[in-house]
Engineer: 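Mind having a look at this structure? Questions to follow.
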Amino acid sequence: MNPVSDVLPSNSEAQVIRAKLHAWFLSHGRDLPWRRLPSPYAVLVSEFMLQQTQVATVIPYFERWMLRFPTVEALANAAESDVLQHWQGLGYYSRARNLHAAAKVVVAQFGAELPSDPALLIKLPGVGAYTAGAIASFAFDRPAAAVDANIARVLARLGDLRLAVDSTAGAAALWEHARGLLPEVSGGREHTSALMELGALVCTSKRPQCLVCPIHEHCHTREPETLPFKAPRKGSVRLDEDAAWIVKNGALLLEQQTGRRAGGLWKLPPLQTRPDTEPVFQTVYPFTHHRITLRVFEENPIGSAAPNQRWFPLPEVLEGAALTAPHRRALESLLAR
DNA sequence: AAGTCGGGGGC
DNA sequence: GCCCCAGACTT
């Protein structure tokens, strides 16, 4: 017996599923800022912000972003420091740089109009298979497949897919399933929104609400809470980070980071060796499979600032520099002493 | 195919 | 504590 039972609906059953999803979405879909007037640019921004980030976290960032960079031209013409400033705290900063770069490509190569074809969208920096399909669906109402974590969970349960959804084979099965459910010519916006919303509100990761699911009778899994399968994760690694609090003439010394990770953002200057004093601030923050203990030590100003360092006047530093969230928390705490 | 991303919420 | 999240990218 094949342990992998991925059941795909027939064309006629797919049509029934679409109709039920559609009716459910009309009465239960949430009112989200990027759904109100889905300009292609607003969809682009929201999709970048929503990569690996939950809806509730994104909303205030999205609102501020659209006020500061209301059009794709405004974003393309902005300075990177300004872009990072408005992204700070959201994490995964390569998304901000990719969004900035994508805006420049849209202006330079597409006359400031986003293309509607997923095959063109996927060429933009930071746009993968999911985001290309999502923009085509949400911004242009095209019947384009898009499989995010919500839809992967819904489809894995619907078809009782017993492959890891983050494996190559599992992903291929999910995308095939998603394409099989698509409407034929248009209607991608509500179809993809409904599937995603079902995953967010009903077919949830924990304690799925199968009794109120509009497509319950089409679902082939008998143990939804065990799906989807995922590859096992690595254990977390503990690391220490020691940084300096150096003030001279009412100005704080910060250092600008380089590289892909948090490049462009500022942080308290790192200390190679931990001083033999008590830290003035300490916090623990996680990221991916790491767990970092950040300690800040008060140090005396020595010599001059390095090329990648700068003195920031103390009261204004919080507005003048883009910082990662843990370093920002350290600053806020130490300024309030 | 596996590892990385330097945020945050929820239980 | 661990898992999850409107994933994409590099190696």
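Lettering of chains follows the sequences in order, A, B, ..., and the numbering in each one begins at 1.
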Engineer: Look at all strands and tell whether A/Ser205 reaches a base, only sugar-phosphate, or nothing, counting heavy atoms closer than 4.0 Å.
Structural biologist: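 If one applies the 4.0 Å heavy-atom cut-off, A/Ser205 turns out to touch the sugar-phosphate alone, with no base involved.
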
Engineer: Scan A/Ala134 against the nucleic acid and name what it touches under 4.0 Å (heavy atoms): base, sugar-phosphate only, or nothing.
Structural biologist: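 Nothing, no nucleic acid heavy atom in range.
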
Engineer: Quick check on C/dA8: is either OP1 or OP2 less than 4.0 Å from any side-chain nitrogen or oxygen of A/Thr131?
Structural biologist: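 Yes.
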
Engineer: Salt bridge check, A/Asp82 against A/Arg68: does any charged N sit closer than 4.0 Å to a carboxylate O?
Structural biologist: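 So A/Arg68 pairs with A/Asp82 through a salt bridge.
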
Engineer: Is atom CG of A/Leu26 surrounded by more than 12 heavy atoms (other residues, nucleotides or ligands) closer than 6.0 Å?
Structural biologist: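 Yes, CG of A/Leu26 has more than 12 neighbouring heavy atoms, counting only those of other groups under 6.0 Å.
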
Engineer: Give a yes/no on whether any side-chain N or O of A/Lys234 is located under 4.0 angstrom from OP1 or OP2 of B/dA2.
Structural biologist: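 No, A/Lys234 has no side-chain N/O under 4.0 Å of OP1/OP2 on B/dA2.
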
Engineer: Give a yes-or-no answer on whether the side chains of A/Tyr130 and A/Glu47 include a donor-acceptor pair shorter than 3.5 Å.
Structural biologist: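 Yes, A/Glu47 and A/Tyr130 have a side-chain donor paired with an acceptor closer than 3.5 Å.
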
Engineer: Could you work out the separation of B/dG6 and C/dT11 based on their P atoms and round it to a whole Å?
Structural biologist: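 Here B/dG6 and C/dT11 have their P atoms 15 Å from each other.
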
Engineer: What is the distance from CD of A/Gln257 to C1' of B/dC5, rounded to the nearest Å?
Structural biologist: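 Checked: the CD to C1' distance equals 13 Å.
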
Engineer: By the 4.0 Å heavy-atom rule, please label A/Tyr285 as base, sugar-phosphate, or nothing.
Structural biologist: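 Base, at least one base atom sits under 4.0 Å.
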
Engineer: Determine, for A/Arg97 against A/Glu80, whether the closest basic-nitrogen to carboxylate-oxygen distance falls under 4.0 angstrom.
Structural biologist: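 No salt bridge links A/Arg97 with A/Glu80.
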
Engineer: Pick the C1' atom in B/dC5 and in C/dC4, then give their distance to the nearest Å.
Structural biologist: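 To the nearest whole Å, 15 Å.
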
Engineer: How do A/Gln54 and A/His289 order along DNA chain B: which one's closest nucleotide is nearer the 5' end?
Structural biologist: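 On the 5' side of the pair lies A/His289.
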
Engineer: Examine the base of C/dG7 for any acceptor or donor lying under 3.5 Å from a partner atom in the side chain of A/Tyr130, and report the outcome as yes or no.
Structural biologist: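 Result: no qualifying N/O pair found.
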
Engineer: Look at the side chain of A/Phe138 and decide which nucleotide, out of C/dA6, B/dG6, B/dG7, has an atom nearest to it.
Structural biologist: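 Ranking C/dA6, B/dG6, B/dG7 by closest atom to the A/Phe138 side chain puts C/dA6 first.
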
Engineer: Determine the contact category for A/Val55: base if any of its heavy atoms lies under 4.0 Å from a base atom, sugar-phosphate if only primed atoms, P, OP1 or OP2 are that close, otherwise nothing.
Structural biologist: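 Counting heavy atoms under 4.0 Å across all strands, the contact made by A/Val55 includes a base.
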
Engineer: Mind checking A/Arg328 for me? I need base, sugar-phosphate or nothing, with any heavy atom below 4.0 Å counting as a touch.
Structural biologist: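 Answer is nothing: A/Arg328 stays at 4.0 Å or more from every strand.
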
Engineer: For A/Thr324, answer base if it contacts any base atom (sugar-phosphate contacts may also be present), sugar-phosphate if it contacts only those atoms, and nothing otherwise; contact means non-hydrogen atoms under 4.0 Å.
Structural biologist: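 Sugar-phosphate: the residue A/Thr324, judged by heavy atoms under 4.0 Å, touches backbone atoms but no base.
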
Engineer: Closest-nucleotide mapping onto DNA chain B: is A/Arg97 or A/Thr57 further toward the 5' terminus? I mean the 5' end.
Structural biologist: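 Per heavy-atom nearest nucleotide, the more 5' residue is A/Arg97.
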
Engineer: Assign A/Arg291 to base, sugar-phosphate, or nothing according to its heavy-atom contacts below 4.0 angstrom with the strands shown.
Structural biologist: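 Sugar-phosphate, no base atom in range.
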
Engineer: Between P on C/dA8 and CG on A/Leu121, what's the gap in Å once rounded to a whole number?
Structural biologist: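 About 12 Å, once rounded to whole Å.
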
Engineer: Once you apply a heavy-atom cut-off of 4.0 Å, does A/Ala146 come out as touching a base, just sugar-phosphate, or nothing?
Structural biologist: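 Result for A/Ala146 = nothing.
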
Engineer: With DNA chain C as reference, determine whether A/Leu32 or A/Arg238 sits nearer its 5' end, using the nearest nucleotide of each.
Structural biologist: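 The residue whose closest nucleotide sits nearer the 5' end is A/Arg238.
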
Engineer: Can you tell me how far P of B/dG7 sits from NZ of A/Lys267, to the nearest Å?
Structural biologist: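 It is 12 Å, rounded to the nearest whole Å.
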
Engineer: Sort out the partner of C/dT10 for me: Watson-Crick or G-U wobble, both distances under 3.5 Å, none otherwise.
Structural biologist: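 In the structure as shown, C/dT10 has B/dA2 as its Watson-Crick or wobble partner.
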
Engineer: Rounding to an integer number of Å, can you tell me how far A/Leu201 CG sits from C/dA6 C1'?
Structural biologist: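 The answer, rounded to whole Å, is 13 Å.
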
Engineer: Can you identify which nucleotide, out of C/dA6, C/dA8, B/dG7, has its nearest atom closest to the A/Ala149 side chain?
Structural biologist: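 Taking heavy atoms from C-beta onward, the closest nucleotide is C/dA6.
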
Engineer: In whole angstrom, give me the gap between the P atoms of B/dC11 and C/dA6.
Structural biologist: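 To the nearest whole Å, 14 Å.
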
Engineer: At under 4.0 Å between heavy atoms, what does A/Pro326 touch on the DNA or RNA strands: base, sugar-phosphate, or nothing?
Structural biologist: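 The answer is sugar-phosphate, as A/Pro326 gets under 4.0 Å only of primed atoms, P, OP1 or OP2.
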
Engineer: So, is A/Arg233 near the phosphate of B/dT4, with a side-chain N or O under 4.0 Å from OP1 or OP2?
Structural biologist: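 Looking at the OP1 and OP2 atoms of B/dT4, neither is under 4.0 Å from any side-chain N or O of A/Arg233.
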
Engineer: Scan A/Trp87 against the nucleic acid and name what it touches under 4.0 Å (heavy atoms): base, sugar-phosphate only, or nothing.
Structural biologist: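 No contact at all - A/Trp87 keeps every heavy atom at 4.0 Å or more from the nucleic acid.
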
Engineer: What is the separation between atom CG on A/Leu90 and atom P on B/dG8, rounded to the nearest whole Å?
Structural biologist: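 So the CG-P distance, A/Leu90 to B/dG8, works out to 8 Å.
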
Engineer: When the distance from CZ of A/Arg207 to P of C/dC4 is rounded to whole Å, what number comes out?
Structural biologist: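 After rounding, the reported distance stands at 16 Å.
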
Engineer: So if I take every side-chain heavy atom of A/Trp34 and compare against B/dG6, C/dA6, B/dG10, which nucleotide ends up nearest?
Structural biologist: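 Among B/dG6, C/dA6, B/dG10, the one nearest the side chain of A/Trp34 is C/dA6.
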
Engineer: Name the nucleic acid region contacted by A/Thr168, choosing base, sugar-phosphate or nothing; use a 4.0 angstrom heavy-atom cut-off, strictly under.
Structural biologist: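 Counting heavy atoms under 4.0 Å across all strands, the contact made by A/Thr168 is with sugar-phosphate only.
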
Engineer: Does either side chain, that of A/Gln209 or that of A/Thr204, offer a donor lying less than 3.5 Å from an acceptor on the other one?
Structural biologist: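 No, A/Thr204 and A/Gln209 have no side-chain donor paired with an acceptor closer than 3.5 Å.
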
Engineer: May I ask you to check if A/Arg64 and A/Tyr61 form a cation-pi contact, with NZ or CZ under 6.0 angstrom from the six-membered ring centre and within 45° of the axis?
Structural biologist: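 The answer is yes; both the distance and angle limits are met.
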
Engineer: Base, sugar-phosphate alone, or nothing: which one does A/Leu265 contact when heavy atoms must sit under 4.0 Å apart?
Structural biologist: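 If one applies the 4.0 Å heavy-atom cut-off, A/Leu265 turns out to touch nothing in the nucleic acid.
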
Engineer: Taking atom P of C/dC4 as reference, at what distance in whole Å does atom CD of A/Glu225 sit?
Structural biologist: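 So the CD-P distance, A/Glu225 to C/dC4, works out to 14 Å.
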
Engineer: Side chains of A/Glu241 and A/Tyr285: is there a donor and an acceptor less than 3.5 Å apart?
Structural biologist: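 On atom types as modelled, these side chains qualify, holding a pair under 3.5 Å.
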
Engineer: Grab the OH-C1' distance between A/Tyr92 and B/dG3 for me, whole Å please.
Structural biologist: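 So the OH-C1' distance, A/Tyr92 to B/dG3, works out to 13 Å.
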
